[in-house]
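Below: one structure, written as structure tokens.
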Amino acid sequence: MSSMEALLKDESTRNVRRLLKVLILITIAGAAVSSRLFSVIRFESIIHEFDPWFNFRASKYLVKNGFYNFWDWFDDRTWHPLGRVTGGTLYPGLMVTSGAIYHILRMLSMPVDIRNICVLLAPAFSGLTALATYLFTKEMKDESAGLLAAAFIGIAPGYISRSVAGSYDNEAIAIFLLMFTFYLWIKALKDGSAFWGALCALFYFYMVAAWGGYVFITNMIPLHAFVLVLMGRYSPRLYVAYTSWFALGTLGSMQVPFVGFLPIRSSEHMAALGVFGLLQLVGFVEFVRYQVPSRQFKTLLKALIFIVFALSSAILVLLTVSGVIAPWSGRFYSLWDTGYAKIHIPIIASVSEHQPTAWPAFFFDLEMLIWLFPAGIYMCFSTLQDQHVFVIIYGIMASYFAGVMVRLMLTLTPVVCVSAAIALSNILDVYLSIKTPTTPTVGASSADDRKEKKPRVNILSAGKDSIVGIYSKASNIAVIAAFSIYLFVFVLHCTWVTSNAYSSPSVVLASRLPDGSQHIIDDYREAYYWLRKNTPDDAKIMSWWDYGYQIGGMADRTTLVDNNTWNNTHIATVGKAMSSREEVAYPILRQHDVDYVLVIFGGLLGYSGDDINKFLWMIRIAEGVWPDEVKERDFFTPRGEYRVDDAATDTMKNSLMYKMSYYNYQSLFPAGQAQDRVRNAKLPAVGPTLSILDEAFTSENWIVRIYKVKDLDNLGRDHVSAAAFGAGKKKSKKTKAGKGAQRKLRVV
Amino acid sequence: MPSKKNLSTPSTSTSTTTTTSSSASATAAATATPTNPFTILGGIFKNYSRSTPQRTKLIDAFLGFLVITGVLQFAYCVVAGNYPFNAFLAGFSATVGQFVLTASLRIQSNPANKSEFASVSPERAFADFVFCSIILHLFCTNFIN
Amino acid sequence: MRLQPQLDMASRKAFLLFFVSLFVSWVSAAPLTGGRILAVIEERSDNAKYSQFLMDLRGRGYDVKLESAKKDTLALLEHGEKAWDHVILFPPKSKGYGPALTPQKLLDFTKLGGNILVLTSPSSIPEQIRELARELDIGLPPKDYTVVDHFNYDTVSKSEKHDVILATRPAVSSAVHNCFSGTQDDLIAFRGAGHTLGNGPLLVPILTAPRTAYAYDSKEDFAYAQDPWAAGTQMQLVSAMQARNNARITLVGSVDMFSNEFFNMKVQRPGSTESRKTANKEFCKDIAAWTFGEKGIVKVNAIRHYLSNEPNAPVNPNMYRIKNDVTFEIELSEYNIDRWAPFKVSSGDSLQLEFTMLDPYYRVPLLPASTSSNYTTYTTSFKIPDQHGVFAFRVNYKRPYLTYIDEKYSVTVRHFAHDEYTRSWDISGAWVWIAGIAVTITGWIGFCALWLWSAPVAAKAGLKKTE
Amino acid sequence: MHSTTSSRMSFWTFFVLAFLSLAAAASGVWTFEDAQAVVAAKGGKADAYKFSPTKPVKGAITLGSRDILKVSLTVKEGSQAGRPHQAFLLAQEPESKVETFFPLSVKELSGKAKIDLSHKDLPAFLLTAPSLSLSLVLGSFGESAASIVTIGNIKPSLDPTAKALFEKQKQKDLGEGATVYKAKDEIRHIFRADPQSPPKIITLFFLLSVLAGLGGLFIVWFPILGGNLSHLPKALKAAPVSHPFFFASLLSLEGIFFMYYTQWNLFQTLAGMAVVGPVALFSGSRALREVRARREKGER
């Protein structure tokens, strides 16, 4: 025990302690990385779900054609025939990062396949995230808290969900950048150094290049500054830090082609601009206040500030209304009003990760942190310095947004980890103090000497003179034991969630056979490779936008729409084709020179994420553009049910999607026994007929079905009658030419 | 005490931009207090020119120059339209950025703020200033195309 | 990676053209689209009736096989390939043609590019032909409905029935490249049934009944045509369907047209004084020639597009940039009986180039630039629209009596690359802001120098300022 | 176009006259007499138009949607009444020459012929036409020459809703025929207008004033505020290497930016900065240490 005291307090052993910290951090990083490798072990080293496939494709393009070609990339393999100015409409940060890594490894004569880099990028950066979180928390409390926070963020499912090996998405690096930018901001604010401010701006720039979520930083930092000003905590340090960050950061963010002039134009960025102006004013006024210590003048100036501020904000509103500044983007609205998207922008509402969060999700993703979180916030309140204000604001905002959108759980997780760590380390400080009341106990476990002016105020051991604290071994042991159990359970939970919930690459599905062994369902890749091998290289594939990126990535074929949903009308066109009758759909298919149509059908396997279940969104989106041609109502039975069995409406039964899904399906079953296992409905005895499409391919479990679009009839007949004739059906004989008005005239 | 006075100098620099506000203050002053705001401003000015070290004045001159350049560019944009817009942004934000950086330098290297900037000596401040400016110039040259 | 498709598409096209030309040179003895004709004729005795017509075909290098429809080895296709290049169906004596010639089989034959010449007579229009006609949207009259015309009948053949109609060739039109309007005052003797056509664009009338003609039931209504089946210009005597794959099916209402009798007949209009020989020989020859692809065959020799104002720009690139100036060229030949000749667009018509993405952004006429011994080069130039995307050069030239030309050549139109915008110093508007940056930087350098090396002169400065 | 029809009409009458005279020589000619066309309006009031082989009805008969046009006449072979094998009323749309026929019912002996014509007898295509020219064709076997006579024009009058309906019907009949193969009308893309630079004079004015600002700065610095570089020798003495290097590296950095602006690409620029940056860093730190020394000596 005494040796331990020595280790913890003695000056001579500082290096040992530093070494210890480094070791701990490395272990944490190791844990963070390794726990994200489940997916590779369970399945294989493969890119996951949807967006990553595009990022992967883009990275390959970058590595192959170099940076400038990537920048000018016009992609004619997607959004046919519109094409996409890909280079100008993506956040290049991720690809450039992996591209750089690729080339560096090359330089070190370690040729690594770009795919492996992409697969393992997210885990690697999660290690860095842990480091960034450590630094951030260190600024908040002390190193022990930092270490705890690093450990938490390392394994918190809320973050793992987006950063397992293979989920090669912007968030993979964005969270690291988020935390590091915040750390630099706090640093710059504390020291009032333009240097740190500039670094913060640089990393902000990197963040902007990497993820659309940069808007969160763009508003968090100004908000922090604004709150500080309101709290009367304006200081030259704030001025220096903020202005240097804003001047460089904004200019930097405008270098990213996709962002362009937004920082000047769009409302999301106006807060930063406003606060910048405000700080200039406040700065000015502060100095003049020093000049003339007359009370009236002070009040006068106060008035002045608010007049000017009101004035500028009024101008801002005016500009927004007059349209000089772009109004808030739809996604942003849906943050404030969850109902908004459903009504106005179905395309956004349809995305699963834009749904509001279910309460259990919080516990599922954060486990015990979620109840330590408020405690941590409270701690911050109790020792309220500038940086703590930041944590508090961050906590409040993030938890609101996380409640609104599932995906924003991601931005909540770090702050939860931080404040939980603060709370827990406070507890440990108290209960691990192996002290006798002779000497006052201040943060025993964190015995490092920090260059902080004010002594760290610790709420649980506030008031130095009166010795408050817990000294009975029993209670110490009890509490510590309890918490170690909590932590233990936490680790168990995280591992379990990671391995079971977040590690499956939705490209390959796993199912358990009766005997409990794992069975891999590989229909997607089967179908995509079929496309790759059996269709001409310039074939155009029409499918719902969810599968666009995968078709582009795995099948390497041209698609009409994909997950980059930039053109609502084009998507609506596909939706219309899917939801209308054959003879209506056919001209659309011809016009977009579609060769193949691909649908996902889970009916046989009971795979619920199939197109019939997404169908309503297609209809809604199409209805948004052609309200009088596609009507959602027509797809519901008079009693308002969405059915596929006998009771389905004719509109439903005649829709292309329905026909493609159930074409020939009945042939699998004894007559009249056809069963849809997803909607568990008994299908009509006679299956749908297709006249404009030929079935080209159906995967093993019928999940993916591909149809070829027929060419125009050689004799200019419509497909239905042509098919009828082919089947040997006779037309009604009509040798008598009609009389009078009935007589058919040739007028061309 | 004089050190404190130094702080007022941005008034020269900022007053060019916020003439409207100062006049507003004048009216408000008339309502708020009998003291004539113009005399106050004059006092400030005299105070400034008397008790500001020449080195600081050099900085202030630079600040003033930046403000004028910025105002000119903005006026040009208003008069002649903002095509090409990126050039306008590059030019204008170059001056604005340079202004705030220089202002930061001025604040940091100000003896009055020793307490605030414990870790930043004037030379360190200058180094930061150079570092930031270089980045600023890089961004601007890249942006103007 | 994405250049690949375009490339091998181009190569495919080139190969095709090469193959076609090869084929042409090889087959130059025999007709362009092959010489094997199956003439389905019931008994050999009839052979004599049409000998002139058949001889004429043989004379033009066809080898004509006469077969009975009843023959059980008769087949249009052998292992999925055409067994014949063309088929002539003479009207059968019995009710039908038999299993070898069901409409389905006939259509499969056309799918593979086989041409069919269908000859009918009022007395025998077999059910297969009726079904076929129904598919083609051609209306055939019931049995025994004959066409008569009390204005243009032949007075020489002392027929009381007025059923030998004297039709004239279709009028010459500036808009339509009509292979059948030969010498205008020809008289064509016709005895048989008429038919009506639907509005489909693939159907073309070849010989239209006179305005005053009508079809009546020659077995019932002797005294008075209460209920004529069709009449006037709405009724066709000879017409054709050219399928999308350019296979041709010609339906003739009168088999007698092709008989030696009619070939040699001298005819006279009511009212006119002198009698003339019929032009049936020539006209039937025209019909056969067109149906079997000796006439009205237009082919694309080559397609070229390139940047107009660059001397050595690559030909047929896969990618252009918005606002490029491009030139498009297409070489067209027309086959005429035995050789390829330059194709000439008729004066009232125009060959058009579309530059389209979803909708055409341009539809401009292609004008003849140069003419060689066997093709004409049509060309046009335009500025690519300021809209990026996958566009297509499309020459969609479909005209009656001519094979369809529908060439679609898709190219990618990209946006400006980062270094293709006009540089800021070229835009006078930007000078002020460039200068702004310049002075800021120079000022900054000066300031650095001052900050580093300026010596304080406190007092003097103070004085200067105050006064 | 109306004029053209009338001219065509006169042509036909002329033709017929010539034809009749010619045929008369040979034998009888199919013709008709006491012919009239009566439009029986719904209101019961009926107005009759008389016409004969030589004199067609002047002007156009308007045929309302409920009206019935009753044409009645007596057919004559030569001079005595008879029944021809062919007795049709032809209705032709003069533009497209599209024509349809209506057989008359003729009494065997009296030769009395009549036909009723109303909207429901006319195909949609003709019904929507502005005007139709009616002609009568009579012909039969035997010697007597057939004859065709234009007897006048009718104007089918449609109320807009009905017209729209028939137009739709017409399109339906056309079917694919709507895409008739012929040259389509020309299309040319219209480009967006390029942004314009402001008049040069304004630009130059502002340009000069900006440059003047720089001049002003130096004036304010050196003469007025008495800025100077007189510490330079001292600095050089104290740190002979680092000061020049520092300043040179700053200059060269700006030079690199200029090159980037004019011709270099990003990577060349970054490489250049990577070379010059460290120099600036080290020499800078040294130089500033020297400056600090001066400050602490109180020389600044």
Side-chain angles (χ1 to χ4, degrees), chain B residues 12 16 49 52-85 87-88 90-92 94-95 109 111 121-131 133-145, chain D residues 194-203 205-222 224-228 246-247 249-250 253-254 256-262 264-266 269-270 272-273 276-277 280-281 284-285 287-296 300:
Chain B
T12 51
T16 44
S49 48
T52 309
Q54 175 245 16
R55 179 168 299 284
T56 319
K57 279 183 180 157
L58 292 177
I59 296 183
D60 293 338
F62 189 42
L63 287 171
F65 157 73
L66 288 170
V67 169
I68 292 165
T69 321
V71 170
L72 276 173
Q73 296 189 44
F74 193 81
Y76 175 68
C77 170
V78 172
V79 173
N82 64 4
Y83 166 75
F85 192 52
F88 162 67
F92 187 63
T95 42
S109 57
S121 72
E123 288 70 24
R124 173 64 197 279
F126 182 72
D128 294 358
F129 169 73
V130 170
F131 177 71
S133 307
I134 291 291
I135 294 172
L136 180 72
H137 299 161
L138 173 62
F139 279 155
C140 289
T141 38
N142 178 46
F143 199 49
I144 195 167
N145 172 42
Chain D
D194 294 345
Q196 288 305 324
S197 283
K200 278 234 172 28
I201 181 69
I202 304 178
T203 311
F205 169 73
F206 276 92
L207 182 57
L208 291 179
S209 40
V210 165
L211 294 177
L214 183 61
L217 173 67
F218 281 93
I219 292 167
V220 172
W221 265 346
F222 293 103
I224 298 178
L225 292 178
N228 55 49
F246 181 45
F247 201 69
S249 58
L250 290 190
L253 273 176
E254 300 297 348
I256 287 172
F257 293 158
F258 181 75
M259 293 310 291
Y260 179 43
Y261 175 49
T262 45
W264 286 5
N265 71 23
L266 188 58
T269 314
L270 290 180
M273 289 178 73
V276 179
L281 189 65
S285 56
L288 288 178
R289 204 164 297 144
E290 184 276 340
V291 173
R292 181 197 203 103
R294 257 188 286 145
R295 177 168 59 99
E296 276 154 0
R300 280 166 68 84

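Here the structure is a predicted model, which means the values were calculated and not measured. Each chain gets a letter, A, B and so on, in the order the sequences are listed, and its residues count up from 1.
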Checklist entry - Who among D:V220, D:L266, D:T203 has the most heavy-atom pairs with chain B under 4.5 Å? => result D:T203
Contact check, side chains of [X] and [Y], non-hydrogen atoms, under 4.5 Å:
| X | Y | answer |
| --- | --- | --- |
| D:V210 | B:Y76 | no |
| D:M273 | B:L138 | yes |
| B:R124 | D:L288 | no |

[atom1]/[X]: more than 12 non-hydrogen atoms of other groups inside 6.0 Å:
| X | atom1 | value |
| --- | --- | --- |
| D:F218 | CZ | yes |
| D:F222 | CZ | yes |
| D:F258 | CZ | no |

For a quick test of reading the model, state the closest non-hydrogen atom pair linking [X] to [Y] and the distance between them.
| X | Y | answer |
| --- | --- | --- |
| B:N142 | D:Y260 | OD1-OH, 2.6 Å |
| B:A80 | D:I202 | CB-CG2, 4.4 Å |
| B:A61 | D:L225 | CB-CD1, 3.9 Å |
| D:P195 | B:Y83 | CG-CE1, 3.2 Å |

Item to check | Sidechain N-carboxylate O distance under 4.0 Å for B:E123, D:R295 | outcome: yes
Checklist entry - Checking D:L214 against chain B: side chain, backbone, both or neither under 4.5 Å from a heavy atom? => result both
Item to check | Toward chain B, the part of D:E254 with a non-hydrogen atom under 4.5 Å | outcome: side chain
Roughly how far, to the nearest 0.5 Å, is the [atom2] atom of [Y] from the [atom1] atom of [X]?
| X | Y | atom1 | atom2 | answer |
| --- | --- | --- | --- | --- |
| B:I68 | D:L217 | CD1 | CG | 9.0 Å |
| D:N228 | B:Q54 | CG | CD | 6.5 Å |
| D:L253 | B:S133 | CG | OG | 11.5 Å |
| D:Y261 | B:C140 | OH | SG | 12.0 Å |

Checklist entry - Highest number of heavy-atom pairs under 4.5 Å with chain D: which of B:F65, B:F126, B:F131? => result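 Of B:F65, B:F126, B:F131, B:F65 has the most heavy-atom pairs under 4.5 Å with chain D.
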Next on the checklist: Out of B:P122, B:G81, B:S121, B:A127, return the one with the most heavy atom pairs under 4.5 angstrom to chain D.
Outcome noted: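 Max contact count across the listed options: B:P122.
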